[in-house]
Amino acid sequence: MKVLRDIWLIFQDEASQLVRHPKYLAIALIQPVCYLAFFTPFLKAVMATDGLSTYGDAYQVYVPGLFVGMGLFSGLFAGYGLLAALRQGVIDRCRVTPISRVGILLGRQLMHVIYLLWQAIVITVAATLFGLRVHPANLLLSYLMLGMMVLLSTSISYDIALFVRNEQTLGTLTNSLAQPLSLLAGVLIPLAIAPLWVRDVAEWNPFAWATNAMRALFKGQIGEPVVWQGALIVTAVAMAAVLLSSRLFSREVS
Amino acid sequence: MIEANGLRKTYRARRGRKTTRVEAVRGVDFAVATGEIFGFLGPNGAGKTTTLRMLATLIRPDSGKATIAGADLLRDPREVRRRIGFVAQTSGTYTISTGRRDLVLQARMYGVPKTTAQRLAEKAIDAFQLRDFADREIGTYSGGQRRRLDVALGVIHSPQAIFLDEPTAGLDPPSRARMWQEVRRLRDEGMTIFLTTHYLAEADALCDRISIIDGGLIVAEGTPSDLKREISGDVVIVDMAAPGTEEMPEDTTMREARKLLAGEPFVHTSEVIDETLRLYVDSGATAIPQIIRTLNANGIEPGAIECRQPSLDDVFLAKTGRSLEE
């Protein structure tokens, strides 16, 4: 199918720029590894009363949180790339060819998805060395959800970028969006111990659903309703966001 | 090959809460024949780029219609895209990519399989002589090299018509000459070329036919020589800077000199451009002595007098009241 081929074409091109410059791939690991090394000990100490006694336990809670945090923050930065490509005329160069408009956007988003998955895999391996145990099938499902989240956060970033059309405002807006979204997703401290009203607000945050679903998966509780609910919500919202941003793209970029 | 009727585009510019309407293109008509180099000549902001972007399916006209290579611009933009190439002012390549990679990608965007795309890239590298740097990062290219790659990208699929937006802006004279050569080669291969420029020399030397555009409207159209012939006679340029000095002439002197000379029967029209007076006359040879006599009789000493054939700038001046030069 033509659309799939076009998505693949743009994805391949964007991704190969990254692979050709491995230093970016290496730099991308600094932050998550720092969190993993320096934050998990705190979590273990804080949550000792809730029965978290080993690093393995702490990672089961924290690694999914880290995934969501990364998926959210780095996805929200995608708008910068779009603005740069627009300014350099790269987007126009694509748009004068018969390539599908959806491909131009979705190909880039998929590049971000793969990039995040690569980070997630490295983190999983590192955490496993320190005692994390998670069932491979559950892990795979978590990765899929992470992918959906990146589609969602990149779409949000593209929408904002297309509206404001300048990096400064984009930065301010995405930052003020990422903070509440990540706090209300319980990225650092699980929502389970949050006050009730915070949890009520978080009900409206698809990223919170994703975090809770992933934590259940990491604990091996694939049967928990939150797993399918979270997966469904994040997939549905992500699909809607992708549709919205590609429509906005066809309308605004002209 | 290209036919446009009443193309029009207005932008809404937001500044705070106020929205202002900018009429970028106010209804332009033109027709470009197959195998022609057609130029849009005009100053920055005249509506050249907007017109070009409309024809290249990048922006939708508010009204008007166009047919390009037999495809209707509004009804069938997809087909138009297949039949045209477009080279924007900003090149549209990442600096960390290489020429060859982008050529292959470009070909593949037109739907050809990878091996065909590689063959087309190879062909383009030969045709545009990119071999020395095709595998280097684009960030290391010179301005002329990068522009040649841009054009190579635009024609990788052998389109019937190619749109070039300011193909030589910012290039040094040798690179510019080189680019002209490439454009002529494409024309000789049967391609129709539509380009924009604000360089008079480029419009004059490269284009078979031009439209002069100003303020979103076409003010003149024809072959460069036809347009110049419309300005019959010669142009006499009187430099009013005092002889032997760099000083600017007094405003009052300028005004007086113009008034005196414009009153002479042999002067058709006159314009003031910086410190010079531009006079349109039937014959420069007979006008110059009279000009000197008139000025001297009134105590004005001209710095230098030059006589030349009308240029496209004179055409532009005659049509718009402004000069395109400087």
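Keep in mind it's a predicted model, so treat the numbers as computed, not measured.
Heavy-atom pairs under 4.5 Å with chain A were tallied for R101(B), Q106(B), R82(B); the largest tally goes to R101(B). For the set G111(B), P159(B), G154(B), the count of heavy-atom pairs under 4.5 angstrom toward chain A peaks at G111(B). Taking chain A as the reference chain and counting heavy-atom pairs below 4.5 Å, the highest number among A88(B), A56(B), S97(B) is found for S97(B). In terms of heavy-atom pairs under 4.5 angstrom with chain B, the leader among R5(A), Q12(A), R93(A) is R93(A).
Side-chain contact of R95(A) with T57(B): a donor-acceptor pair under 3.5 Å is absent, judged by distance alone.
Residue R78(B) places its CZ atom among 12 or fewer non-hydrogen atoms of other residues, nucleotides or ligands, all under 6.0 Å distant. Heavy-atom neighbours of K114(B) NZ from other residues, nucleotides or ligands within 6.0 Å: at or below the threshold of 12. In this structure, R75(B) places its CZ atom where only 12 or fewer heavy-atom neighbours from other residues, nucleotides or ligands lie under 6.0 Å away.
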Test side chain to side chain contact (heavy atoms under 4.5 Å, CB included) on S91(B) and Q88(A); report intermediate values, then the result. CA-CA 7 Å; S91(B) 85; Q88(A) 290 172 43; over 6 Å; no
Please report the C-alpha distance between V90(A) and T93(B) in whole Å, then the side-chain angles of each, then the deciding distance to 0.1 Å, and finally whether the side chain to side chain contact (heavy atoms under 4.5 Å, CB included) criterion is met. CA-CA 6 Å; V90(A) 176; T93(B) 47; 5.9 Å; no
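With rounding to the nearest 0.5 angstrom, the OG1 atom of T97(A) is 11.5 Å from the CG atom of L153(B).
Heavy-atom distances place both the backbone and the side chain of Y94(B) under 4.5 Å from chain A. Heavy-atom distances place both the backbone and the side chain of D13(A) under 4.5 Å from chain B. In this structure, chain A has no heavy atom under 4.5 Å from any part of T50(B). If you measure heavy-atom distances from D150(B) to chain A, you find no contacts under 4.5 Å at all.
Ion pairing of R53(B) with D92(A) is present here, as a side-chain N (NZ or NE/NH1/NH2) and a carboxylate O approach within less than 4.0 Å.
Checked by atom type and distance alone, the side chain of R20(A) pairs as donor or acceptor with a backbone atom of I96(B) at under 3.5 Å.
The interface of residues 98-109 of chain A with chain B, defined by heavy-atom distances below 4.5 Å, comprises P98(A), I99(A), R101(A), R108(A).
For the pair L9(A)/L105(B), a side-chain contact is recorded, criterion being any heavy-atom separation below 4.5 Å from C-beta on.
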